[in-house]
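Chain A is the first sequence line, chain B the second, and so forth, proteins listed ahead of strands; every chain is numbered from 1. Any value given below was found using the heavy atoms of this structure, including those in side chains, with hydrogens, waters and symmetry copies removed.
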Amino acid sequence: MKFDFIPIDYGYFDFEGKNYAKITGRNSQGKRICVIDSCPVYFWAILNDKLEEKKINALIEKIKKICLDVKGRKTKVEGVELHDKKFLGCRVKALKIFATNYKDLHDIADCLGMKEIEKRRGYDLGFITHYVIEKKFLPLHWYEISGEVLHNSVEFGGIDSSLNVDFCIKAESIKKTDDKKFLPKVLAFDIETDEFRIGEGEILMVSLVSENFKKLITWKTSSSSGTRLDYVEYVKNEKELIERFIECVKEISPDFLVGYFSDGFDLPYLKARADKHKVKFSLGLDGSQPRFSGAGAGRGIGTGKISGIVHIDLLRFIQTAYSQYMQSETMSLNEVAKEFLGDAKKDFEMKHSSKILAGEWENYFEYNLHDSVLTYNLFQKFWPDINEFSRTIQEPPFETSRAGLSRYTESYILHNLEKFNEIPEKRPTNDEIGQRRRIGSSEGAFVMEPTPGMYENIAMFDFTSMHTSIIITHNLSKSTLLEKKEKGCNESPEIAEGKKKIRYYFSKETGFFPELMKEIFYLRKKAKEEYSKNKNTFTKARSNAFKVLSASAHGYLAFFGARYYSHEASASVLAFVRKYNKETIEKVKEGGYNVIFGDTDSVGFTLNNKTKKDVRQLLEKLNSELPGVMELELEDFYKRGIWVTTRAGITGAKKKYAMIDEDGNIKIRGFETVRRDWCSMARKVQNNVLMMILKEGNEKSALEYVKEIIQKVKDKKLEIKDIIIRTQIKKPLSEYKAISPHVIAAKKMKERNLPIDPGSLVEYYIARTREKKKLVREKVKLPDEKGEYDVDYYLRHQILPAVENIFQVFEIDTDELIDRKKQKKLSDF
DNA sequence: GTTAAGGCCATACC
DNA sequence: ACCGGTATGGCCTTAAC
């Protein structure tokens, strides 16, 4: 039988000691198909240099005889081949050692302690990754499959009869075909409970949303007088709720089951409650329960994998792939939905189910259903991105949606090594990671200290993908690093290592890492052009995928968990970053401009009496002097900009400025306005002050405005939303050495049984207290705690600090704006 | 008991 | 541990008086 097929979910199983990949996907008619396939399982033994042929043959014979009985599984070396390969760019002779089961590779590798063998590699990729590389059966691409349909077959222990799919097939051939449109079947879900701690409360309701499908299952009956909502299905109890949920998932049979924070909440909660009721939580297409891994006793959340269905926790994906480009200050469903959908959660005042009145349940149902609607719509929004990332790094969507930036880069490398005939490097051991961390980090980028003041007519240059273009241009990587200088090699600038100043040298022959980064660099350029020509969600997703991948190249080199980590290459990249930035600053100065700003890859300067044309000519000249793929871009022209001093006083503050472009758009960097751990009134005031000053070119109206606000604060006219301070909890509360206000707020929340975990955002305000308190933390109150805000605190610690450095540029002392005597009286009271 | 320096901590920039 | 280094600034902690 022959059919077209798109692989979506990858799993594997063992049968008679061998590994089989189990790939679930669809054909173009929408039939659900499971493909079973196998691949050779092997790893590499890299041989010592100059080993004689005779000795190699003897070694091969010896290895062929290896037979193991481990973990109740008999395994043996199935074959050994000699190959000419490359490892870290060097030619090597290597043995390809085949085994029965992937899980045994490590044990077999452990038997190869012979002195003839230098290194053992390629046993730690994971079977799925190994399989995808081996068979080039890539996720979310279209294929033509032919093979034998399994129908109540005894093969593989009768696996086909237990699988809830249209066909199960043993693959004979897999051929890549042209891409077709694919619309995945998606089911979003969300639960509501009384208790945040996993499994400790009852699940009150669960909502499910799919295409033209909305359902809410609950055992909480509403009053007979209440409006009956047509999507609500009433069941007897929580046990039935879970059973119905499982049935619904089976009926809809989605490719993707999507939640928001469902790795950390919804899925483990459902599983825990199912366990309590002794209900088998059989969501998998083979009837298996979700497998949770990585959670453990430690910190962080695990992942919930469902066999045959891709469980996506959208929060995790958005966090890694998008959060750095987002406006939202939190990753809550509400804010993320607002930003990407223009839709928000329904209003509902959360309370314990025992306190919900009969007529209120409908609102709760609406609220819960709408969360699933938002999750469903967000998935549709991000599907192009997940799709594009998954195809680019060639890892299945389950893994892709949970991977971090380093894994994106690493997967891209591993899946492209064969082009270079390269044997994969291994993951670092804990010892190696320890060593890498002990070496510490290298000196980073250069940041110029600006002279505080207001400037007019500003232009800004920046380097395109600076770090990545340096890696490519100077061929920097682990495998191209030379032990000593060679003729014509690439040479880093001088680097201070300890007390010495040294240089690192890199080969002139392009290494696979720089080559792959070059590929990404050009694909990024292409994708960006494509997007600007043809703007749609798919071109945007593609452009973003390569943008993220390209931006992670240097971070990967310097990441101690990376297979291709290189301290030397990273230090060299950063040395070049400093060199190019400083050189550019000098050259712009030489061109007759006044440089006022410089940070890592950008330079800002005033035009003085020069024209925009002059600036463009200068840019052209600078570009003609840059080597390789390095390129300087004109970021923009600005009408006006302001730089301030640090709080301490005289020196200019780095990474803190505001500019206005010719269309009146304001760009603010580093100021409290953009920091979420300042109260919104301080941020608003600062933002308005910057706007007025930049638009008008002077401080007069801004000063009047600040005076008004100060009066408003004194008159206690601020609302609670103006004074709330939001801060994130970054570690378990017990680990805090310094107990700052936000830790107190978190402790108060914990006392109320509210969930506080690393990552939680706490809200509080600073209240006036009866006795005089010395520490701010003694005045912390949660937003719903009664109290008056501390006028003195909000003036002196929020509003004034936000604006005083700005007015200092105009030599105005804002301290005088507060009548000290009057204030003293107030706080004494 | 008060004060200054130093450290912790969160958050931003690139 | 899950991409890096540079930088600001608030507030607590500690040491010294």
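When the P atom is used for both C:dA7 and C:dC3, the distance is 23 Å, rounded to whole Å.
Distance A:L405 CG to C:dC3 P: 5 Å, rounded to the nearest Å. Atoms CD1 (A:I739) and P (C:dC11) sit 15 Å apart, rounded to a whole Å. A:R407 places its CZ atom 20 Å from the C1' atom of C:dG4, with the value rounded to the nearest Å. Atom C1' of nucleotide C:dG9 and atom CD of A:E804 are separated by 12 Å, given to the nearest angstrom. One atom, CZ of A:R563, and another, P of C:dC2, lie 18 Å apart when rounded to the nearest Å. Taking atom CZ on A:F446 and atom P on C:dA7, their separation rounds to 9 Å, with Å as the unit. In this entry the distance linking CH2 of A:W643 with P of B:dC13 reads 14 Å, nearest Å. To the nearest angstrom, P of B:dC9 lies 19 Å from CD1 of A:I725.
For NZ of A:K587, the number of neighbouring non-hydrogen atoms (other residues, nucleotides, ligands) closer than 6.0 Å is greater than 12. The number of heavy-atom neighbours closer than 6.0 Å to NZ of A:K667, taken from other residues, nucleotides and ligands shown, is above 12.
The nucleotide whose nearest atom lies closest to any side-chain atom of A:F560 is, among C:dG4, B:dC9, C:dT6, C:dG4. Side-chain proximity of A:T646 to C:dT8, B:dC14, B:dC13: nearest is C:dT8. The side chain of A:K737 has B:dC9 as its nearest neighbour among C:dC11, B:dC9, B:dC14. Across C:dG10, C:dT6, C:dA7, the shortest atom-to-atom separation from the side chain of A:K654 is found for C:dA7. In this structure, the nucleotide among B:dC8, B:dA10, C:dC11 sitting nearest to the side chain of A:R675 is B:dA10. Nearest to the side-chain atoms of A:Y736 among the listed nucleotides B:dA12, C:dT8, B:dC9 stands B:dC9. The side chain of A:Y657 lies closest to B:dC14, out of B:dC14, C:dT8, B:dT11. Taking every side-chain heavy atom of A:R437 into account, C:dA1 is the closest of C:dA1, B:dC13, C:dC11.
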For this session: Start with the C-alpha distance between A:F382 and A:Y322, add both sets of side-chain angles, then the distance that settles ring-ring contact (aromatic ring centres under 6.0 Å, His included), and finish with yes or no.
Result: CA-CA 10 Å; A:F382 285 106; A:Y322 253 95; 5.2 Å; yes
For this session: Given salt bridge (Lys or Arg N to Asp or Glu O under 4.0 Å), test A:D790 with A:K779 step by step and report yes or no.
Result: CA-CA 8 Å; A:D790 183 337; A:K779 300 190 274 192; 2.9 Å; yes
Problem set entry | Working for salt bridge (Lys or Arg N to Asp or Glu O under 4.0 Å), residues A:K426 and A:E432 | CA-CA 11 Å; A:K426 68 170 169 55; A:E432 284 164 325; 3.0 Å; yes
For this session: Would you sort out whether A:R578 and A:E443 count as a salt bridge (Lys or Arg N to Asp or Glu O under 4.0 Å), showing the intermediate values?
Result: CA-CA 9 Å; A:R578 292 190 293 275; A:E443 184 187 347; 3.7 Å; yes
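Within the 4.0 angstrom heavy-atom criterion, no nucleotide atom of any strand lies near A:H467. Nucleic acid contact for A:Y408: none, since no nucleic acid atom lies under 4.0 Å from a heavy atom of the residue.
Residue-to-nucleotide proximity on DNA chain C shows that, of A:M448 and A:S552, the 5′-proximal contact is made by A:S552.
Counting distance only, with no hydrogens placed and no angle test, the side-chain atoms of A:R676 and the base atoms of B:dT11 include no donor-acceptor pair under 3.5 Å.
Comment: A:R726 engages A:E763 in a salt bridge, judged by a side-chain N to carboxylate O separation of less than 4.0 angstrom.
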Any protein N or O atoms within reach of nucleotides 4-7 of chain B? Criterion: under 3.5 Å, listing atom names and distances.
none

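A cation-pi contact links A:K547 to A:Y325, judged by a cut-off of 6.0 Å to the six-membered ring centre and 45° from its axis.
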